[in-house]
Amino acid sequence: MDKKQATKRAIELRRKLQYHNYRYHVLQSPVVSDVEFDRLLAELRQIETEHPDLVTDDSPTQRVGGEPVDKFERVRHPASILSLSNAFDPDDIRSWFDRIAKIDERVEHAGFVVEPKLDGLTVVLHYEKGVFVLGATRGDGQYGEAITSNLRTVRSLPLRIPVESGGPPAPSRLVVRGEALIFRDDFKVMNQALEAAGERTFVNPRNTASGALRQLDPSLTASRPISLLCYAVVDGEGELPGTQWETLAWLRELGFPVASEPSRVPDLEAAIEAAQELETRRENLAYELDGAVIKIDDLQLSSELGVVGKDPRGAIAYKFAAQEVSTQLQDIGVNVGRTGVITPYAILEPVEVGGVTVRQATLHNFDFIKDKDIRIGDRVMIKRAGDVIPYVIGPIEDARQGDEKPFRMPRRCPSCGEALEQVEGEVAVYCVNSACPAQLVRNVEHFASRGAMDIEGLGIKVAQQLVEEGKIGDVGDLYSLTEDRLLDLEGFAEKKAQALVAAVDASRSQPLQRLIGALGIRGIGDVVAGDLALAFGDLDALSRANADNLTQVEGVGPNLAQAVLDWFDQNKNKALLEKLKQARVWPRVDRSPALQGPLALDGLTFVVTGTLPHLTRDEAKELIKIQGGKVAGSVSRNTNYLVLGENPGSKLDRAQQLGIPTLDEDGLRRLIETLGRGGED
DNA sequence: GATCCTCGAGTTCG
DNA sequence: CTCGAGGATC
């Protein structure tokens, strides 16, 4: 290929790559496969290697990262990169409005744009004649650091504008403000990959993005999935849009990535509403945000309003309640589960997260503490998403004082003092003392719980009292409790004692499936208990079963079979069975399955997510099961329908990925009706 | 032998 | 809800 041809081909390749990159990273609708893209890129790289003088600043091959630099150069921003004043509730927003309405009466009739307040690193991007030439951090607002080579590695950053031919002509000079961040999904995938490689994972997207962009070696930056969203013009030549709303549209047309969430509203109350609406959707957005920004749409008016300190008067940030905060880890406690599993939990300096005060959070297991290098006394990040349980993300290592103590794994059970055991290759640590009082308490609690024997009035506290006062030695003893014997417990008077005895009595009629589940055999929960009940009919038959009989049951393999055999082999459990039999707690499975023929939902699998209008989730599951359907815990290809309520979780995303149809509560009822009628014909 | 799927267990605050 | 582990399936 001669020089002239090479030059022509290089330009063509760059144009193509630019376009496909934009389709992929900005529009997220690629028109060529990854393989084709890679082939084009390889061809360009080949040409550039043969003709090094053809390499340009805006060439996609330059994204991989150039030479490391010693330090970043300081650059002066063409205009101050302002911060925003904060509002924490709607009234703060209204008083901001009143203040600026006094300064300029046009504010009274101003429209607003409401945008997500992105939680990333603010960047300032310079374009000369449409080519990306300089990128800087915000710094102190006047001066920032030039991180151009690092920003070049960001795939959604246009190296040349307009990206698509036919877009508006780019001004000869343009400076754009945006936010570099990492999308939630990308962050998750990245952490999973790091974990698989045995490397330390990152605590949150924001710190990761900001840390990666300050790397002196651009190839490190390139290895992080950083994205960009732009939202303002800092400076530019020629005619620029007059409103914020038009600015967003214009940036989008030039090929910049722009968030799709902003909305334009006619007045302040609508703006407040839009900001609050953004807060409710916060968990479902692709990126993390810590608030909403309300901006006066008219940029001329906005700039005339001026600045207070570093904050422009024409916009305000409405901060959401923090869902991720740091606090001090005061100590690490240890719990004993009903199966004897020992789990550590964090004792925290109380802190507000997403509207509730958190004092404790689980640490999952001892490997978690080791992997994250969590030490007592550390400042740790706590996260609470939606109404999900708070958890410790990890320590802030930079905040260490040096007096933090590594956690020493306990060698003895905190309840009974017996030595703990860990099975080779397993994460869990067990207390194997079958007489451990803590285990008995949890065992009684489980036995009485709603999904098991459903004994009302017997929660963990009463269970603890009964065990500590020696009223019971196993769950079988519950059935010989009398009112008299309960009366000497603290907090028990005649009425409460009576109620408990009655509740225990009522539990005799629970079906076999529940009783098997209630026994607390390791690895046997609701579902397998149901299968065992159906297969064996009563506890006598189950206790006589051997490994072969057991593995015949669907879902039971050698491990579960052994767990069942072990349980029935223990003397204390033999004694327990005897007590239950004497107490006539001995249900048999009703082997006359429904006579009404095929059920409406026979053979269909459902997953329920979110809050339904009339039924609780458990009721909905019950309804599906009664009609012959199966309810699974998570969405997979085998799922037929996702029953969808308000505020669905991640299950909806997965269902959409797999193209699984959704139903609302009414839809479910209609389905049962139509199929029910069809089945009877 | 690898991958996908399902189940079980533990878990916070008000 | 999330994780780990066991079981089923190819």
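Convention: sequence-line order gives letters A, B, ...; per-chain numbering from 1.
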Could you give the [atom1]-to-[atom2] distance, from [X] to [N], as a whole number of Å?
{"X": "Asn638(A)", "N": "dT6(B)", "atom1": "CG", "atom2": "C1'", "result": "10 Å"}
{"X": "His446(A)", "N": "dG10(B)", "atom1": "NE2", "atom2": "P", "result": "9 Å"}
{"X": "Arg637(A)", "N": "dC4(B)", "atom1": "CZ", "atom2": "P", "result": "7 Å"}
{"X": "Asp531(A)", "N": "dC7(B)", "atom1": "CG", "atom2": "C1'", "result": "11 Å"}
{"X": "Phe368(A)", "N": "dT11(B)", "atom1": "CZ", "atom2": "C1'", "result": "13 Å"}
{"X": "Gln562(A)", "N": "dA5(C)", "atom1": "CD", "atom2": "C1'", "result": "17 Å"}
{"X": "Asn640(A)", "N": "dC5(B)", "atom1": "CG", "atom2": "P", "result": "13 Å"}
{"X": "Leu560(A)", "N": "dA9(B)", "atom1": "CG", "atom2": "C1'", "result": "13 Å"}

Next on the checklist: On a heavy-atom basis, which atom in Val336(A) and which in Ala438(A) lie closest, and how many Å separate them?
Outcome noted: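 Shortest heavy-atom separation between Val336(A) and Ala438(A) comes out as CB-CB, 3.8 Å.
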
Next on the checklist: Please determine whether a side-chain nitrogen of the Lys or Arg among Arg375(A) and Asp373(A) lies less than 4.0 Å from a carboxylate oxygen of the Asp or Glu.
Outcome noted: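 Result for this pair is yes, salt bridge flagged.
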
Checking the side chain of [X] only, and the main-chain atoms of [Y] only, is there a donor and an acceptor separated by less than 3.5 Å?
{"X": "Arg184(A)", "Y": "Leu285(A)", "result": "yes"}
{"X": "Asp477(A)", "Y": "Gly473(A)", "result": "yes"}
{"X": "Arg412(A)", "Y": "Gly417(A)", "result": "yes"}

Do any side-chain nitrogens or oxygens of [X] fall under 4.0 Å of OP1 or OP2 in [N]?
{"X": "Arg442(A)", "N": "dT11(B)", "result": "yes"}
{"X": "Arg359(A)", "N": "dT12(B)", "result": "no"}
{"X": "Thr362(A)", "N": "dT12(B)", "result": "no"}
{"X": "Asn559(A)", "N": "dA5(C)", "result": "no"}

Item to check | Near-strand residues of residues 330-348 of chain A, defined as heavy-atom separation under 4.0 angstrom from DNA chain B | outcome: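 Output list: Asn335(A), Gly337(A), Arg338(A), Thr339(A), Thr343(A).
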
Checklist entry - Can you tell if the side chain of Asp666(A) reaches within under 4.5 Å of the side chain of Leu668(A), non-hydrogen atoms only? => result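 Sidechains of Leu668(A) and Asp666(A): no contact.
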
Next on the checklist: On DNA chain C, does the nearest nucleotide to Val608(A) precede the nearest nucleotide to Asn365(A) from the 5' side, or the other way round? Give the residue.
Outcome noted: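 Result of the comparison: Val608(A).
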
Between the protein and nucleotides 8-10 of chain C, which nitrogen or oxygen pairs come in under 3.5 angstrom?
unit_1 : atom_1 : unit_2    : atom_2 : d
dA8(C) : OP1    : Gly555(A) : N      : 3.0

Next on the checklist: Under 6.0 Å from the ring centre and within 45 degrees of the ring axis: does the NZ or CZ of Arg442(A) meet both conditions for the six-membered ring of Phe447(A)?
Outcome noted: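 No, cation not above the ring by the 6.0 Å, 45° rule.
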
Checklist entry - When rounded to the nearest 0.5 angstrom, what distance separates CD1 in Ile524(A) from CH2 in Trp567(A)? => result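 Going from CD1 on Ile524(A) over to CH2 on Trp567(A), the span is 11.5 Å.
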
Checklist entry - Restricting to pairs with a member in residues 621-644 of chain A, which pass ring-ring contact (aromatic ring centres under 6.0 Å, His included), not counting sequence neighbours? => result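 Non-adjacent pairs meeting ring-ring contact (aromatic ring centres under 6.0 Å, His included): Phe606(A)-Tyr641(A).
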
Item to check | Pro390(A), nearest nucleotide to its side chain (from dG8(B), dT12(B), dG7(C)) | outcome: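 For the Pro390(A) side chain, the nearest candidate turns out to be dT12(B).
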
